[in-house]
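Numbers for residues simply follow the sequence, beginning at 1. Values in this document were obtained by computation on a predicted structure and should not be read as measured data.
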Amino acid sequence: MTTAPPADAAKTAALLSPSPTSVPRPEAPAAPPVRPVPLAVSGLLAAALTAYVWSAHGAKPGVLLLLGLALGVALFHSRFGFTSAWRQLVAVGNGTGLRAHTLLLSTTATLFALLIGTKTGLFGSVPAPSAGPLGFGLLIGSFLFAVGMQLGGACASGTLFAVGSGQTSIVLTLGGFIGGATLAAWQFDLWKDLPSLEPVVMADHIGWFGSWAVTILVLAAIVLVSRRVQARRNPPPIGPVPSARGAAARVLRGSWPLAVGALALAVLGAGVLLVSGGAWGVTSAFSLWGAELVRALGGHPESWSWWQQPGNKEMLAGPVLADKTSLTDIGIMIGAAVAAALGGTWTLHRGVPWRTATAAVLGGVLMGIGARLAGGCNIGAYLAGIASGSLHGWVWGAFALLGTWAGLKLRPFFGLGNPKPGDGVC
């Protein structure tokens with residue numbers, strides 16, 4: 001005689017089971033052979049740059065560069081993206097990527113609460129939350145950023161690891177990104193007085209435990225809703241990427257599960273906070289690199305209002321290889337190059353179609369402008385903001401979803417496809 005499992009047990013099993021897709025996910029193809037030349041070049045560059053930064057600027061910048069290298073490895077191996085995750089969610093209802101975001105956000109929020117709540121830092125730093133004002137700049141900027149993501153083909157962190165892995169079209173996105181961030185900094189006086197409210201950080205009102213608990217509850221609700229949406233729409237699965245066979249080989253040369261990537265990124269991002277006192281960010285370095293280019297061409301970016309703001313002025317006055325965000329950004333690109341060469345997928349793509357190239361540059365410009373208006377990108381505003389218990393991170397995410405919808409409508413004009421329900425993968 002058999003008995004039916006208890007209702008609660010059945011519900012738990014259903015909750016933990018994979019969300020349905022229209023067809024089973026295809027098996028990942030085998031990883032190509034190691035690319036020895038790119039591996040040697042990127043490995044030597046990583047070692048030489050780390051040695052230089054450590055000797056010229058000290059241990060703190062050296063550790064930040066190492067954290068950037070590790071972030072690049074984790075981003076590449078897990079192919080952890082924000083652009084594709086939101087595109088799959090909005091286009092066909094596949095919430096796999098969004099649920100990986102919730103794991104990254106919840107783990108980061110836990111680590112941030114521990115570090116900031118206990119004021120634990122290294123090298124004399126005192127960890128602080130990432131908080132931003134609530135205003136029109138945030139709404140407009142996050143919307144523009146998300147449109148730019150869908151046109152440019154990558155988010156801020158995705159742009160860096162894609163460039164490192166040799167994706168030529170994303171180099172154009174990075175160029176546009178730097179140009180847009182520089183343009184927004186140059187024209188700071190045009191948008192600095194947009195109406196806004198003061199930042200709202202939950203820990204200031206309910207303490208760090210209360211802030212953490214509210215964040216976890218909201219993220220859990222998002223997981224449940226995304227699973228219901230996916231069950232109703234029954235979308236195609238996410239396409240697999242090349243991977244090595246065997247556990248040990250997969251660590252070095254294969255694709256990591258999104259959950260592993262989320263946990264690795266959370267720990268490394270908390271490491272950036274621990275070492276520097278500030279959360280992991282990406283786009284402030286693009287404004288700095290653009291300003292240095294303007295200065296090299298004979299301009300005077302130090303006279304711009306943006307570079308006269310507290311914090312920005314010191315950033316421009318110091319060396320690029322001592323800047324926290326520049327170090328992690330450069331590290332991500334080199335780390336991704338090492339990982340891609342080991343995985344055998346590093347390559348330079350030739351013959352980018354002109355419409356794709358146009359979309360890449362335009363998307364980069366929109367992301368650069370949007371990041372400056374919103375006070376950050378998918379990392380500095382969305383991830384760091386939500387993990388810090390700052391309301392602006394949630395607002396950024398909501399308007400980025402709206403921008404994703406608009407970006408999907410624009411992609412076909414540039415010859416870019418969107419996932420469809422009848423596709424084999426999305």
* W289: what forms a ring-ring contact (aromatic ring centres under 6.0 Å, His included) with it, not counting sequence neighbours? -> F286
* Structure fact -> Shortest non-hydrogen pair, P26 vs P237, comes out as CD-CG, 4.3 Å
* For the pair R79 (side chain) and P257 (backbone), establish whether a donor and an acceptor sit closer than 3.5 Å, ignoring hydrogens and angles. => no
* Just checking, any donor-acceptor pair under 3.5 angstrom between side chains of T347 and R35? -> no
* Using salt bridge (Lys or Arg N to Asp or Glu O under 4.0 Å) as the criterion, list what pairs up with E292, not counting sequence neighbours. => R295
* To the nearest 0.5 Å, how far apart are CG in L172 and OG1 in T358? -> 9.0 Å
* May I ask you to decide if the ring planes of H101 and Y382 are parallel, tilted or perpendicular, using 30° and 60° as cut-offs? => perpendicular
* Structure fact -> Those residues at least two apart in sequence (or on a different chain) that pass salt bridge (Lys or Arg N to Asp or Glu O under 4.0 Å) with R25 are none
* Asked: Is a side-chain N or O of S388 found less than 3.5 angstrom from the main chain of S390, in a donor-acceptor match?
  -> no
* Distance-only, no hydrogens or angles: does the N418 side chain make a donor-acceptor pair with backbone N or O of L408 under 3.5 Å? -> yes
* **From CG (L67) to CG (L273), nearest 0.5 Å** => 11.0 Å
* Which atom pair, heavy atoms only, marks the closest approach of A279 to S130? -> CB-OG, 3.3 Å
* Knowing that exactly one of L138, T404, L402, L366 qualifies, which makes a side-chain contact (heavy atoms from CB on, under 4.5 Å) with F143? -> L402
* Asked: In Å, rounded to the nearest 0.5 Å, how long is the span from CZ of F188 to CG of L373?
  -> 10.0 Å
* Qualifying ring-ring contact (aromatic ring centres under 6.0 Å, His included) pairs, either residue in residues 236-258, two or more places apart -> H77-W256
* **Non-hydrogen atoms of L258 and A100 that approach each other most closely** => CB-CB, 3.9 Å
Considering only distance and modelled atom types, tabulate donor-acceptor pairs under 3.5 Å from the side chains of residues 148-157, sequence neighbours left out.
residue, atom, partner, partner atom, Å
Q150, OE1, R87, NH1, 2.7
Q150, NE2, T83, O, 3.1

* Regarding D189 and S305, is there a side-chain donor-to-acceptor distance under 3.5 Å anywhere? -> yes
* F413: partners by ring-ring contact (aromatic ring centres under 6.0 Å, His included), with sequence neighbours left out -> none
* **Pair listing, side-chain hydrogen bond (donor to acceptor under 3.5 Å, both in side chains) test, anchored in residues 67-76, at least two apart** => none
* If only atom types and distance count, is the side chain of R250 paired as donor or acceptor with the main-chain N or O of A244 below 3.5 Å? -> no
* Does V223 offer a backbone N or O that forms a donor-acceptor pair with the side chain of S226 under 3.5 Å? -> yes
* Which one of V92, V425, I238 satisfies the side-chain contact (heavy atoms from CB on, under 4.5 Å) criterion with P419? -> V92
* Would you confirm whether D423, through its side chain, and K420, through its main-chain N or O, come within 3.5 Å as a donor-acceptor pair? => yes
* When you check the side-chain N and O atoms of Q187 and R372, is any donor under 3.5 Å from an acceptor? -> no
* Asked: Excluding sequence neighbours, so at least two apart, what forms ring-ring contact (aromatic ring centres under 6.0 Å, His included) with F414?
  -> none
* **E198: partners by salt bridge (Lys or Arg N to Asp or Glu O under 4.0 Å), with sequence neighbours left out** => none
* To do: Identify the heavy atoms of A85 and L98 that sit nearest to each other, and give their distance.
  => CB-N, 4.1 Å
* Structure fact -> Closest heavy-atom pair, A28 versus R245, reported as atoms and distance to 0.1 Å, is O-NH2, 3.0 Å
* Asked: Can you name the salt bridge (Lys or Arg N to Asp or Glu O under 4.0 Å) partners of K313, sequence neighbours left out?
  -> none
* Structure fact -> Value for CG (L69) from CD1 (I330), rounded to nearest 0.5 Å, stands at 10.0 Å
* If only atom types and distance count, is the side chain of Q230 paired as donor or acceptor with the main-chain N or O of G95 below 3.5 Å? -> yes
* Asked: Can the ring centroids of F399 and W396 be said to lie less than 6.0 angstrom from one another?
  -> no
Solution key, residues 210-219 side-chain donor-acceptor pairs under 3.5 Å, sequence neighbours excluded:
residue, atom, partner, partner atom, Å
W212, NE1, T110, OG1, 2.8
T215, OG1, S211, O, 2.9

* **Minimum heavy-atom distance between G393 and I386, given as atom pair plus value** => C-CG1, 3.5 Å
* Asked: Is the backbone of L105 close enough, under 3.5 Å, to the side chain of T108 for a donor and an acceptor to pair up by distance?
  -> no
* For S284, side-chain hydrogen bond (donor to acceptor under 3.5 Å, both in side chains) partners two or more places apart -> T325
* Asked: How long is the gap from CH2 on W304 to CD on Q309, to the nearest 0.5 Å?
  -> 14.0 Å
